[in-house]
Structure formats: structure tokens, C-alpha cells
Amino acid sequence: MQQKGAIQIIEWEDLDKRKFYSLGVLMTLGTRATVYPASLIRTRLQVQKGKALYSGTVDAFCKILRAEGVRGLYRGFMVNTFTLVSGQAYITTYELARRHVSRHSSSNTLKSVVAGGAASLVAQTITVPIDVVSQHLMMQGQGEHSGRFKAKPKMMLAAAAKRRLTFGQTRDISVQIFAADGFRGFYRGYVASLLTYIPNSALWWPFYHFYAEQLSVMAPSECPHLILQALAGPMAAATASTITNPMDVVRARVQVEGRSSVVDTFKQLLAEEGVGAMTKGLSARIISSTPTSVLIVVGYETLKRLSLRDELVQSRRW
């Protein structure tokens, strides 16, 4: 028997798919625009040697804003919006995998772990080439601290410069990557990405459902479920981010510095900067993941409720 006040999960078969996909694109775009500056700061912190340029998240934010303006916080954003495709692939894979696992097991934890991992595998296969380019764009504007590839300076009229700012640099970086490493260059760090994001995704979903269930037990029965889920999201994100951050640091180094070995990169980090290097960018990652999780949870759970088939609308509590 379902516990009184327990949060009922909306499954794939409950949804009107047309509403689900059309609203999902808008939700994903809004979320990415909100948290992108924190992702940029995290990347720069993880790639820098020691504290060569920034002493921490707040220092990085202030220095980037002062030296590069608001535009500096959104370097590579236009390219990164192409990950909307991977976002939709992630959602679809997650829901379909949950449905498949439910045929063999009723355990929500098992469904969440398997579906979260599978969704991340599919999404990262699409996302990594976009990330490789956008991360190099994130590093522009740092002078000698920039990444392996640098956009070529262009002498253009102001109006033309504005039009070509993002995609001109994107072309420069993409051409340099292909010239240096071929097509494989766009998948540099793919293994490291999988080792980072598959565990992160596989951990986030079960922790999210666990925290939501525990909060539903402690909260008054009249408390809106959406509030409990909005609290559970960042709790799950902080937990998963802390566990997987060491691999995220290695991933960023591999992709931006052009390294080929995950193991060698990990060893070099430990040798040069000690165990503390494994926490690099963690605060920025948590700062990024907290609003991301709130937005994703509120947006995703609202999206699913708005996408419910008409005959089920009255059966789900907000």
C-alpha cells in the first residue's frame, strides 16, 4: 500500500509526448542559460595550474566580469545550445529505460540507476564534441592562460565583429582541433566524460527519489509535492557532484589540454597539486548544480504534469 503523502512518480506511459517534447525544449534552454556562467567558471578553475589566475569561485567571477564583462561569462554559449538535442535524447532514454527495467523489477532505485546511466551514455555521445569546442571557447580571453587552441584575432568593423564573434571563433577552434587531431579530436575526453557523467547521473536519480521520499515523510501531509522535489534535487546534486568531482577535474584537463590518458592525467594531477586538486571547481560545480537541479526538478516535474494525458490530470497531486 502506498504511504499517505508519498510522492507518486509520473511514468513515460502517462505522458502526452507532443506536449512533453515541445515544452521540454523551452525548459532545457532556459535552464542552460541560467547556469552557464557557473559552468564556465568551473571549467576555468579546473583547467588552471594551481591558483595561477583565480583563487576561487568568487574571485573568478569578479575577475571575468571585470576583465571581459557579462559577455565573458557566456563565452561558447551559442555553441553549447546545440546540446538541446542531447537534452531531449537524455530525457527520452531515461524514461524508456525506466519503462524497460520496470518489466523486470519494481525497485525504483534499480530503475533510477540503470536509466540514469543509460541516459547519460546516450547524451554524452552527442554532447562531447560540443563540449570540446565550447570549453575551448570558455578559455578565450585569458591570454597566456588560454587553452590549447586559440581563436584568431580579427580586424573587423564593430557591426561585423558582433555578428561573427561567436561563430567565427567556433570555426577557428573547430578547424584547429580537426587539423591537430582529426575527427578524434572532437571526442577527446570521451572516456573521461563517460566515467564522470554516467556515475553522476546514475547517482543523482536514486538520491533524488530517496531525498524526496524522506522529505515527504517529515513534511506535513498538505505540503505541495513540488516543493519537496525542489529541495530533493539540489541535495541529490550536491551528493553526486561531491562523489564524482575528481573525475570531472580529470575530464576537463583531458579535453582542454589535449591529453590522451585519463590515468596519466590523474597521476600527474596528484603529483603536481596533491589530493586537493580533486576538489577543484567543486564549489562552482555545486553552485552550478544547485539552481540547475531546482530548475530541472521544478521544470521537469511541472513539464510532466502539464504533459499528462487528459484522463490522468486529476490523479496526480502537485
Side-chain angles (χ1 to χ4, degrees), residues 35-61 83 86 90 112-113 116-121 123-125 127-128 130-132 134-136 138-139 145 147-148 187-208 210-211 233-293 296:
V35 304
Y36 190 82
S39 297
L40 181 142
I41 291 170
R42 181 192 76 196
T43 297
R44 290 195 179 186
L45 287 172
Q46 290 177 336
V47 172
Q48 73 171 351
K49 300 290 187 181
K51 295 185 177 180
L53 192 58
Y54 310 118
S55 61
T57 301
V58 176
D59 182 56
F61 176 80
T83 57
S86 66
Y90 181 96
S112 299
V113 169
S120 187
L121 173 62
Q124 284 305 304
T125 301
T127 299
V128 167
I130 301 170
D131 273 350
V132 168
S134 67
Q135 283 179 343
H136 279 95
M138 287 178 181
M139 301 302 295
H145 298 281
R148 183 181 174 206
Y187 274 91
R188 187 173 294 280
Y190 178 60
V191 173
S193 291
L194 294 182
L195 292 175
T196 301
Y197 291 115
I198 287 179
N200 190 80
S201 180
L203 289 170
W204 189 90
W205 286 102
F207 274 121
Y208 165 62
F210 170 77
Y211 288 135
M235 293 169 67
T239 304
S241 294
T242 301
I243 295 172
T244 61
N245 197 70
M247 200 62 237
D248 194 39
V249 176
V250 173
R251 175 198 61 80
R253 287 289 180 94
V254 167
Q255 291 182 333
V256 175
E257 296 183 354
R259 299 172 182 270
S260 59
S261 171
V262 171
V263 175
D264 289 347
T265 302
F266 182 77
K267 289 179 178 178
Q268 185 175 350
L269 270 170
L270 288 179
E272 292 180 353
E273 303 181 47
V275 178
M278 297 298 103
T279 64
K280 276 192 163 189
L282 178 58
S283 60
R285 193 176 179 201
I286 291 176
I287 289 171
S288 170
S289 66
T290 296
T292 301
S293 296
I296 287 176

Engineer: What closest approach, in Å, do Ala252 and Val47 show between heavy atoms, and which atom pair accounts for it?
Structural biologist: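 Minimum heavy-atom contact is O-CG2, 3.9 Å.
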Engineer: Taking everything shown except Phe61 itself, do over 12 heavy atoms lie less than 6.0 Å from its CZ?
Structural biologist: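 Check fails, neighbour count at 12 or below.
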Engineer: Please name the pair of heavy atoms, one in Val113 and one in Pro206, separated by the smallest distance, quoted to 0.1 Å.
Structural biologist: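 It is CG2-CG, 3.7 Å.
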Engineer: Could Arg251 and Asp248 be called an ion pair, given the rule that one side-chain N must be under 4.0 Å from one carboxylate O?
Structural biologist: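 Salt bridge between Arg251 and Asp248, a charged N being under 4.0 Å from a carboxylate O: yes.
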Engineer: Nearest 0.5 Å, what's the CZ-OG distance between Phe210 and Ser112?
Structural biologist: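 Those atoms lie 13.0 Å apart.
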Engineer: Does Gln48 use its side chain to pair, donor to acceptor, with the backbone of Leu53 at less than 3.5 Å?
Structural biologist: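 Yes, because the side chain of Gln48 sits within donor-acceptor range (under 3.5 Å) of the backbone of Leu53.
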Engineer: Check whether Ser120 reaches the backbone of Gly117 with its side chain - one donor and one acceptor, N or O, closer than 3.5 Å.
Structural biologist: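 Checked: no pair found.
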Engineer: In sequence, state the C-alpha distance, the side-chain angles, and the governing distance for Leu194 and Tyr190, and then conclude on side chain to side chain contact (heavy atoms under 4.5 Å, CB included).
Structural biologist: CA-CA 6 Å; Leu194 294 182; Tyr190 178 60; 3.7 Å; yes
Engineer: Is any side-chain heavy atom of Ile198 less than 4.5 Å from a side-chain heavy atom of Met247?
Structural biologist: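 Of all side-chain heavy-atom pairs linking Met247 with Ile198, none is under 4.5 Å.
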Engineer: Which heavy atom in Ser193 sits nearest to a heavy atom in Gln124, and how many Å separate them?
Structural biologist: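 Minimum heavy-atom contact is CB-OE1, 3.6 Å.
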Engineer: Hey, is the main chain of Met138 close enough, under 3.5 Å, to the side chain of Arg44 for a donor-acceptor pair?
Structural biologist: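 Flag set: sc Arg44 to bb Met138 pair under 3.5 Å.
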Engineer: Among residues at least two apart in sequence or on other chains, which ones pass side chain to side chain contact (heavy atoms under 4.5 Å, CB included) with Leu203?
Structural biologist: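 Residues passing side chain to side chain contact (heavy atoms under 4.5 Å, CB included) with Leu203: Phe207, Ala240, Ile243, Thr244.
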Engineer: Whether the Thr127 and Ser86 side chains hold a donor-acceptor pair (N or O, under 3.5 Å, no angle test) is what I'd like checked.
Structural biologist: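 The answer is yes; a qualifying pair exists.
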Engineer: Taking C-beta and beyond as the side chain, do Trp204 and Ser293 meet within less than 4.5 Å on heavy atoms?
Structural biologist: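 Heavy-atom side-chain distance check passes, below 4.5 Å.
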Engineer: What pair of heavy atoms forms the shortest contact from Val254 to Arg188, and how long is it?
Structural biologist: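 Closest approach of Val254 to Arg188, heavy atoms only: O-CD, 3.3 Å.
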Engineer: Applying side chain to side chain contact (heavy atoms under 4.5 Å, CB included) to Thr125 and Tyr187, what does each step give before you reach the verdict?
Structural biologist: CA-CA 9 Å; Thr125 301; Tyr187 274 91; 4.2 Å; yes
Engineer: Taking all non-hydrogen atoms of both residues, which atom of Thr196 and which atom of Arg285 are closest, and how far apart?
Structural biologist: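 In terms of heavy atoms, the two residues are closest at CG2-NH2, 4.1 Å.
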Engineer: Output, in order, the C-alpha distance, side-chain angles, deciding distance and verdict of side chain to side chain contact (heavy atoms under 4.5 Å, CB included) for Met278 and Phe266.
Structural biologist: CA-CA 9 Å; Met278 297 298 103; Phe266 182 77; 3.4 Å; yes
Engineer: What are the two closest heavy atoms between Ser241 and Leu282, and how far apart are they?
Structural biologist: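 Heavy-atom minimum between the residues: O-CD1, 3.8 Å.
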Engineer: Measure the shortest side-chain to side-chain distance between Thr265 and Val249 over non-hydrogen atoms and say whether it is less than 4.5 angstrom.
Structural biologist: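 Result no, sub-4.5 Å side-chain heavy-atom pair not found.
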Engineer: Going by the rule side chain to side chain contact (heavy atoms under 4.5 Å, CB included), which residues pair with Glu273 if we only count those two or more places apart in sequence or in a different chain?
Structural biologist: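 Once residues adjacent in sequence are excluded, the partners of Glu273 under the side chain to side chain contact (heavy atoms under 4.5 Å, CB included) criterion are Arg253, Leu269, Ala277, Lys280.
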Engineer: Show, in sequence, the C-alpha distance, side-chain angles and deciding distance for Tyr54 and Ile41, and conclude whether the side chain to side chain contact (heavy atoms under 4.5 Å, CB included) test is met.
Structural biologist: CA-CA 10 Å; Tyr54 310 118; Ile41 291 170; over 6 Å; no
Engineer: Once you round to the nearest 0.5 Å, how far does OG1 of Thr290 lie from CD1 of Ile286?
Structural biologist: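 With rounding to 0.5 Å, OG1 (Thr290) is 7.0 Å from CD1 (Ile286).
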